[in-house]
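What follows is one structure encoded as structure tokens, with my remarks underneath.
Computed over heavy atoms, backbone and side chain alike; hydrogens, waters and symmetry mates excluded. These figures come from a predicted structure and were not determined experimentally.
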Amino acid sequence: MTDELAAEVRDALAVDAEGFNDRALADADVVKDELAAGTFDNHQAIIGLEYEFYAVADGRWAASDDGDTHALMRVPRRLLEHVGFEKELGLHNAEMTTNPQPMNASGLHAQESEVRAQLRAALQCTSAEGIRLVSDGLWTIPPAGETAQEYLTNSVDDDGIRIATNMSRSVRYHAMANGPRVPDSVTLDAPHVSLSADTVMPESLISSIQPHFQVAYAADLPTYFNYALRVAGPLLALGVNSPFFPPDLYDNVGAQRILSDGHAENRIHVFESILNTTDTEKVRFPQDLDTVEDAVDRVADDATIVPMPVPRGDRFDDRFATLRRKHGTYWRWIRPVFDGASKSSANARIEFRPLPAQPTVRDSMAFQATFAGLMKSLAQREHPVINQSWSTARENFYAAMRSGLESRQRWICNDGVETIDQEVIYDDIFAHAIDGLTASGCSESTAETYIEPLRHRVKTQTTPASWKVDEVRDYLTDGVDLATAVSEMQRTYVKKQRETLLDSSFLTWD
């Protein structure tokens with residue numbers, strides 16, 4: 001199987017890069033022509049969600065105090081297909097994608113019901129295999145009998161093609177480690193963490209939720225996009241959920257230094273340091289957009305990592321298939337997307353990518369609803385935060401990555417005055433999220449129910465990341481070492497999630 005995969009990777013790498021880029025530029029012209037014709041207009045906002053998980057041993061065949069409990073597990077590919085989930089980078093990853101729904105009360109309810117239904121069915125199927133799907137930002141307990149470093153770096157060389165042992169069988173993923181523009185090794189860059197690998201497999205440490213917002217009129221996409229840039233910092237500050245790495249990746253600097261220098265959302269570090277190179281920043285906080293055509297050009301002009309072959313079919317989006325393939329490696333924390341199988345389903349949307357996977361479904365839906373409500377309200381009300389400088393929005397984002405709710409976010413309220421008062425900031429953000437939800441047909445009480453898990457985080461000054469840090473500190477106080485403290489925290493996280501994932505929320509964790 002390795003030989004066959006290596007051969008497919010060689011075929012992919014043999015594609016002429018210049019020709020690939022020329023076809024992407026031609027495809028960009030197709031999209032811009034269709035934008036001008038109104039093909040991507042839909043006259044209503046649409047929402048969607050991508051939701052990533054990783055798999056762990058559920059303890060079925062291990063005693064509750066066994067060190068292998070909740071260790072990372074590889075998911076059989078047949079099992080993923082059976083439960084309707086998609087494979088992601090690592091063999092332990094799984095992804096759910098919801099069907100797009102109108103941005104209204106029924107659409108939000110349908111999204112939540114679909115997530116619960118699919119996940120409930122998947123949990124039942126995986127449980128029979130001794131596997132538990134976990135919603136979390138970054139895993140910390142490696143597979144039984146392996147270190148995290150071994151799992152993330154093991155690979156084989158097949159006549160010059162490097163194949164990561166624990167990576168999903170995807171030509172695109174493996175080609176990313178073998179292309180001419182890819183360095184011989186990648187290094188994970190985070191405080192007191194040391195990991196180098198010869199493939200992009202370390203990116204499989206992380207999991208996310210990605211709310212989608214499809215705009216009604218494609219020409220308005222830059223306005224929504226620029227608002228999304230400005231809410232990225234405040235929403236990430238609420239959602240941080242990856243303060244720790246697998247302990248064997250840490251340098252020997254002592255637990256207290258790791259805690260004091262650590263960041264709240266290490267998922268940002270992982271994605272940027274593994275997929276960026278010295279000459280190409282593929283993962284970054286994007287610049288403001290001026291026109292929707294600029295969004296198309298950004299994808300077309302982006303550096304090509306793997307110019308893979310692109311089959312053409314009879315679908316509408318096959319007319320710009322190379323641009324769509326190129327978009328697959330257009331990694332930005334907020335990114336525009338243009339696609340659709342037919343002209344009637346053609347859409348222009350924003351994918352909001354800063355958020356890690358959350359402790360429960362209700363928390364994930366809180367972020368989807370809040371983001372959608374903000375997109376609806378901020379643009380409709382012409383909220384003055386659009387005048388906040390791009391550099392401030394970017395600093396908000398990376399400050400949230402470092403410090404979560406302690407990051408002293410900056411926001412411009414309705415009076416046009418910038419503030420760092422956290423209570424004022426989130427009162428304004430939640431008010432506009434509720435305004436956008438009620439304007440879309442939700443009752444006031446329903447809108448408030450969606451927002452409440454995030455409002456509670458502000459009130460209690462507690463995020464999933466701060467909960468994890470507190471847990472680790474408590475274990476350290478009891479006299480255990482850092483590796484044990486992180487592992488025990490992770491087992492507690494999985495145990496509490498088992499009790500709350502489908503039918504409760506993080507606000508019940510204490």
Side-chain angles (χ1 to χ4, degrees), residues 54 56-57 59 64-72 132 134-144 147-149 151-152 188-195 202 205-207 236-270 356-360 363 400-407 456-457 460-501 506-510:
Y54 62 78
V56 302
S64 60
D65 60 350
D66 192 299
D68 293 344
T69 302
H70 304 327
L72 199 71
R132 175 84 186 174
V134 176
S135 176
D136 191 10
L138 194 156
W139 58 264
T140 59
I141 305 177
T147 66
Q149 183 163 7
Y151 180 79
L152 293 168
L188 201 165
D189 181 16
H192 307 306
V193 171
S194 294
L195 180 68
L205 277 163
I206 58 178
S207 304
L236 178 60
L238 287 169
V240 288
N241 192 22
S242 56
F244 294 107
F245 285 92
D248 69 271
L249 301 185
Y250 282 117
D251 301 329
N252 187 22
V253 297
Q256 294 308 317
R257 190 171 175 191
I258 287 171
L259 283 170
S260 63
D261 295 344
H263 292 163
E265 191 48 46
N266 285 303
R267 175 177 163 266
I268 306 297
H269 285 302
V270 173
Q358 294 296 303
T360 75
D363 291 284
M401 173 203 74
R402 293 188 295 270
S403 305
L405 279 175
E406 297 178 358
S407 57
H456 182 81
R457 294 186 186 190
T460 61
Q461 291 294 287
T462 304
T463 62
S466 69
W467 179 91
K468 289 179 176 180
V469 171
D470 288 345
E471 286 285 308
V472 168
R473 288 190 189 279
D474 287 346
Y475 282 114
L476 291 171
T477 300
D478 289 341
V480 305
D481 60 19
L482 180 69
T484 302
V486 171
S487 296
E488 289 305 309
M489 173 278 294
Q490 195 68 55
R491 293 187 179 99
T492 303
Y493 181 98
V494 176
K495 178 182 177 182
K496 285 186 174 290
Q497 185 172 100
R498 178 189 294 272
E499 299 165 353
T500 59
L501 176 60
F506 177 66
L507 61 84
T508 66
W509 293 23
D510 51 26

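- Side-chain contact check for Thr140 and Tyr493: no donor-acceptor pair (N or O, by modelled atom type) lies under 3.5 Å.
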TODO: Please report the C-alpha distance between Val56 and Ile141 in whole Å, then the side-chain angles of each, then the deciding distance to 0.1 Å, and finally whether the side chain to side chain contact (heavy atoms under 4.5 Å, CB included) criterion is met.
DONE: CA-CA 9 Å; Val56 302; Ile141 305 177; over 6 Å; no

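- Taking the side chain as every heavy atom from C-beta outward, Asp363 and Arg457 approach each other to under 4.5 Å.
- Atom OG1 of Thr492 sits about 5.5 Å away from atom CD of Glu471, to the nearest 0.5 Å.
- Side-chain contact between Ser466 and Gln461 is absent, with no heavy-atom pair separated by less than 4.5 Å.
- Thr484 and Asp481 share a donor-acceptor pair across their side chains, judged by distance under 3.5 Å alone.
- With hydrogens and angles left out, the side-chain atoms of Ser242 and Asn266 include no donor and acceptor closer than 3.5 Å.
- Note that CG of Leu152 and CG of Leu195 are 6.0 Å apart. Values are rounded to the nearest 0.5 Å.
- How far NE2 of His263 is from CZ of Arg402: 6.5 Å, rounded to the nearest 0.5 Å.
- Thr360 OG1 to Lys496 NZ: the interatomic distance, rounded to the nearest 0.5 Å, is 13.0 Å.
- Listed here is the closest heavy atom pair of Pro142 and Ala71: O-CB, 3.3 Å.
- Leu138 places a side-chain heavy atom less than 4.5 Å from the side chain of Pro246.
- Proximity of Leu249 to Gln149: side-chain heavy atoms (C-beta onward) are separated by under 4.5 Å at one or more points.
- Here the side chains of Thr463 and Asn241 are not in contact, with every heavy-atom distance at 4.5 Å or above.
- With Met489 as the partner, the side chain to side chain contact (heavy atoms under 4.5 Å, CB included) test is satisfied by one option alone out of Asp474, Val472, Val469, Val494: Val472.
- Checking Asp136 against Gln490 by side-chain atom types alone, a donor-acceptor pair falls below 3.5 Å.
- Ring geometry, Trp467 versus Phe506: the interplanar angle exceeds 60°, so the pair is classed perpendicular (tilted spans 30 to 60°).
- Shortest non-hydrogen contact noted between Arg498 and Arg132 is CA-NH2, 3.3 Å.
- Remark: side-chain polar atoms of Tyr250 are paired, donor with acceptor, to backbone N or O of Phe245 under 3.5 angstrom.
- Minimum interatomic distance between Pro191 and His269 (heavy atoms only, all atoms of both residues): CD-NE2, 3.9 Å.
- Side-chain contact between Ile206 and Tyr54 is absent, with no heavy-atom pair separated by less than 4.5 Å.
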TODO: Apply side chain to side chain contact (heavy atoms under 4.5 Å, CB included) to Leu476 and Leu259, showing your working.
DONE: CA-CA 11 Å; Leu476 291 171; Leu259 283 170; 3.5 Å; yes

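- Under a 4.0 Å N-O distance rule, the pair Arg491/Glu488 qualifies as a salt bridge.
- Annotation: Asn252, atom CG; neighbour count of heavy atoms from other residues, nucleotides and ligands within 6.0 Å does not exceed 12.
- To the nearest 0.5 Å, atom CG of residue Asp251 and atom CZ of residue Arg257 are 9.0 Å apart.
- Closest heavy-atom contact between Gly137 and Pro356: CA-CB, 3.9 Å.
- For the pair Pro464/Gln358, a side-chain contact is recorded, criterion being any heavy-atom separation below 4.5 Å from C-beta on.
- Within the 4.5 Å cutoff, the side chain of Leu501 has heavy atoms near those of the Ser135 side chain.
- Side-chain atoms of Ser403 never come within 3.5 Å of backbone atoms of Ala400 as a donor-acceptor pair (strictly under, hydrogens ignored).
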